[in-house]
Amino acid sequence: MNKYRTHNCAELTKKNKDQSIILSGWINKKRDHGNLLFIDLRDNYGLTQCVIDKSNKFFKDLEKIQLESVIKIKGTVVERSKETINSDLKTGEIEINIVSFELLGTCKELPMPIFSDQDYAEEIRLKYRFLDLRRKKIHENIILRSNVISFIRNKMQELDFLEFQTPILTSSSPEGARDFLVPSRLNPGKFYALPQAPQQFKQLVMVSGFDKYFQIAPCFRDEDARADRSPGEFYQLDLEMSFVEQEDIFNVVEKLMVSLFKKFSSKKIINENFPRISYEDSMLKYGTDKPDLRNPLSISDLTNIFTREDVKFDIFKKLVSKGSKVRSILTKKTKDKPRSFFDNIDKWAKEEGASGLAYFTFEKDKQITAKGPVGKFFSEESLKEIMKITSAEVGDSIFFACGKINEVEKISSLARDKIAKDLNLINENEFSFCWIIDYPMFEKDQITNKIKFSHNPFSMPQGDIKNIDFKNPLNIKAYQYDIVCNGVELSSGAIRNHIPELMYKLFSVAGYDKKEVDEKFKGMINALSYGAPPHGGIAPGIDRIVMLLANEKNIREVTMFPMNQNAQDLMMNAPSEISENQLKELNLSLKKKK
RNA sequence: GGGGGUGUAGCUCAGUUGGUUAGAGCGAUCGCCUGUCACGCGAUAGGUCGCGGGUUCGAGUCCCGUCACUCCCGCCA
């Protein structure tokens, strides 16, 4: 017991009847009846109703105190009469008869209401984040986040993982995202970089013989924000294991995710053994490598249909003859949907920057026909072929898009989500996890046409190491995998390449010579040549996991002190200008603004 | 870097075809009210309609520019 409180605002019940107690907290709400005043006192734990009437000398003072002021109340616990019990409150069976009070912290007029479910402007919320965080919903989200992190820590320790910290000031790496840079005072003209992830360090931890590592790791990437992507910084459950194959990583992560999601959500997990989908299949069937498997719709390739003589849809035929692809989405039993349903989706696609979506519905009178604006261009034979490819039946409809492969993948993926949403096909009470596997090691840069790493340059290529087909690098697959839940990419990982000679070869395919690799990845390559164990790992994103568990669409709702979209902290005023002196010490000068 | 949305009182929002003095709810201040739990009732204060320019007899409303916030594309191995 201390001078501020004997109990918190959630723990008093009728068992405490007649006790003298002290509570401290914020004034959540006042209900002033003139000669009788109710005060809802709030702290982290809950609410307790306190009462005072005009016979008490403190009445007048208490009546005037601003909401959200912090006060200490001395009083007695009183059982409420039956008709005044509030069953919504944990403490609803009792109230506090106020004997005296003390003002601990005054409060100015509030820039926004605390006790309200109303949404208000992000700018104000971020500027007054300390007030925003008092609100129930976000307060609970942040507590959830804390509990999730504790749970993960315990679980990882149970599984014999060791938690280590790795440096925050490290070196810039040429691959991947833009680095945040920190000038070095002691080394003029040189810069540290904040880690985009502790990738190289965790591999070094394995080379150092620690076997299993994890860290709730801050990661820094200087890229533009999205609703599910904080600008600047975010957290990963970074983990790495020695002497493992892909399956070993999958086992650990599946166990962790299933126990975590079961513990913190009542939603159903569809497959506790997460299905594995190859990158190639995922791109074809879902148009993306982060499919929402709650969505039953799937995409088919109809490109060949548009090479047939008996299909007269010339716009698509012309595009196909020039190398474009046609992808379709089938919707079941939609023949009675109004014209507006189809046209809205076409209109939506145009707004998304596509050339629109063609559609028709399969009908049968004497023969199979296609009903819809472009239906007349298809012969019965071609329609039968389409039905075979897409497993369509009479009464189903089909949407299709034509374009360059990556364009058509993108729009069909978006359309798959959009149509499912319009048809209400997604069960919001499920979690559907999957692994995306067999990522290609390399890809062609769209602009420069050069071969580059498609994901992590340190991933192990698949197949017999002695017989890797370096002449056709685009065919090389990697032991590289992503975990996806409800269309949200939670993490990516890989079995690492621990063989320096192989590393040099792969880097040379991406246009780095030996000298360059030695320069840029000195620590890494050097370490791998002193007896490195085969190893691999993964790094699930903490923020996104909490988003899924809290059922939030925006990452700021699960981040205590987030920055806005322009990577500014409106509360702390970061980034800010620095003094001439600081610049001088760092050996920096700023370009003059034009 | 590009596209969309939003911007009116401290907060959330309404504001018709361009037309008199720009409204409501919450909050604030003052008054009344002894059983509320979104307490109730009455009154008062509170506005550079984001900012700048233009069209017009007249602009919150129309046009051009610009800024801020947000969503998306690019980007994020």
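Computed from coordinates, the A:Glu223 CD to B:C72 P distance equals 16 Å when rounded to whole Å. Going from atom CD of A:Gln565 over to atom C1' of B:C75 covers 13 Å, rounded to whole Å. Look at OH on A:Tyr120: it is 16 Å from C1' on B:C69, rounded to the nearest Å. Residue A:Leu570 contributes atom CG, which lies 10 Å from atom C1' of B:A68 at whole-angstrom precision. To the nearest angstrom, C1' of B:C11 lies 14 Å from CD of A:Glu123. Rounded to an integer number of Å, the gap from CD of A:Glu233 to C1' of B:C76 is 16 Å. Rounded to whole Å, the distance from CZ on A:Arg135 to P on B:C11 is 14 Å. Protein atom CZ of A:Phe180 is 12 Å distant from nucleotide atom C1' of B:C76, rounded to whole Å.
Judged by distance alone, the side chains of A:Asn44 and A:His139 do bring a donor and an acceptor atom under 3.5 Å apart. A donor-acceptor pair shorter than 3.5 Å cannot be found between the side chains of A:Asp292 and A:Asn295. Between the side chains of A:Tyr213 and A:Asp238, at least one donor N or O lies within less than 3.5 Å of an accepting N or O.
Note: A:Tyr439 and A:Tyr279 have tilted aromatic rings, judged against thresholds of 30 and 60 degrees for the angle between ring planes.
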Contact letters for nucleotides 24-36 of chain B, in which S counts primed atoms plus P, OP1 and OP2 and B counts the base, heavy atoms under 4.0 Å: ---BS----BBBB

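As judged by a 4.0 angstrom heavy-atom cut-off over every strand, A:Ile124 is placed among residues touching the sugar-phosphate backbone only. Using a 4.0 Å heavy-atom criterion, one finds that A:Ser459 contacts no nucleic acid atom at all. Across all strands shown, A:Asp88 has no heavy atoms under 4.0 Å from either base or sugar-phosphate atoms. Nucleic acid contact for A:Asn564: sugar-phosphate only, since backbone atoms but no base atoms lie under 4.0 Å from a heavy atom of the residue. Using a 4.0 Å heavy-atom criterion, one finds that A:Asp179 contacts no nucleic acid atom at all. Across all strands shown, A:Lys410 has heavy atoms under 4.0 Å from sugar-phosphate atoms exclusively, and none from any base. A:Arg125 comes within contact range of no nucleotide atom at all, as no heavy-atom separation falls under 4.0 Å.
Partners of A:Asp422 by salt bridge (charged side-chain N to carboxylate O under 4.0 Å, His left out), not counting sequence neighbours, listed by chain and number: A:Lys418. Residues passing the salt bridge (charged side-chain N to carboxylate O under 4.0 Å, His left out) test with A:Glu223 are A:Arg178, sequence neighbours excluded. Applying the side chain to side chain donor-acceptor pair (under 3.5 Å) criterion to A:Gln118, with sequence neighbours excluded, gives no partner residue. By the ring pair (Phe, Tyr, Trp, His ring centres under 6.0 Å) test, A:Phe58 is found to be paired with A:Phe101, residues two or more places apart in sequence or in another chain being considered.
OP1 or OP2 of B:C71 sits under 4.0 Å from a side-chain N or O of A:Asn554. Contact check, A:Asn566 against B:A68: no side-chain N or O comes under 4.0 Å of OP1 or OP2.
For B:G15 and B:G47, the C1' atoms lie 14 Å apart once the distance is rounded to whole Å. Using atom P as the reference point in both B:A43 and B:C26, the two lie 13 Å apart (nearest Å). B:A9 sits 15 Å from B:G50 when the C1' atoms are compared, rounded to a whole Å. Spacing of P atoms, B:U8 relative to B:G52, comes out at 15 Å, to the nearest Å.
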Dot-bracket line, read 5' to 3' along RNA chain B, where crossing pairs take [ ] and | marks a partner on another strand, Watson-Crick or G-U under 3.5 Å: (((((((..((((.....[...)))).(((((.......))))).....(((((..]....))))))))))))....

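Judged by distance alone with a 3.5 Å cut-off, a donor-acceptor contact links the side chain of A:Arg229 to the base of B:C76.
Not a single donor-acceptor pair under 3.5 Å links the side chain of A:Asn456 to the backbone N or O of A:Gln480.
None of A:Ile96, A:Asn97, A:Asn56 except one satisfies the side chain to side chain contact (heavy atoms under 4.5 Å, CB included) rule with A:Val51; the exception is A:Asn97.
For an aromatic pair to be called close, the ring centres must be under 6.0 Å apart, and A:Phe453 with A:Phe442 satisfies this.
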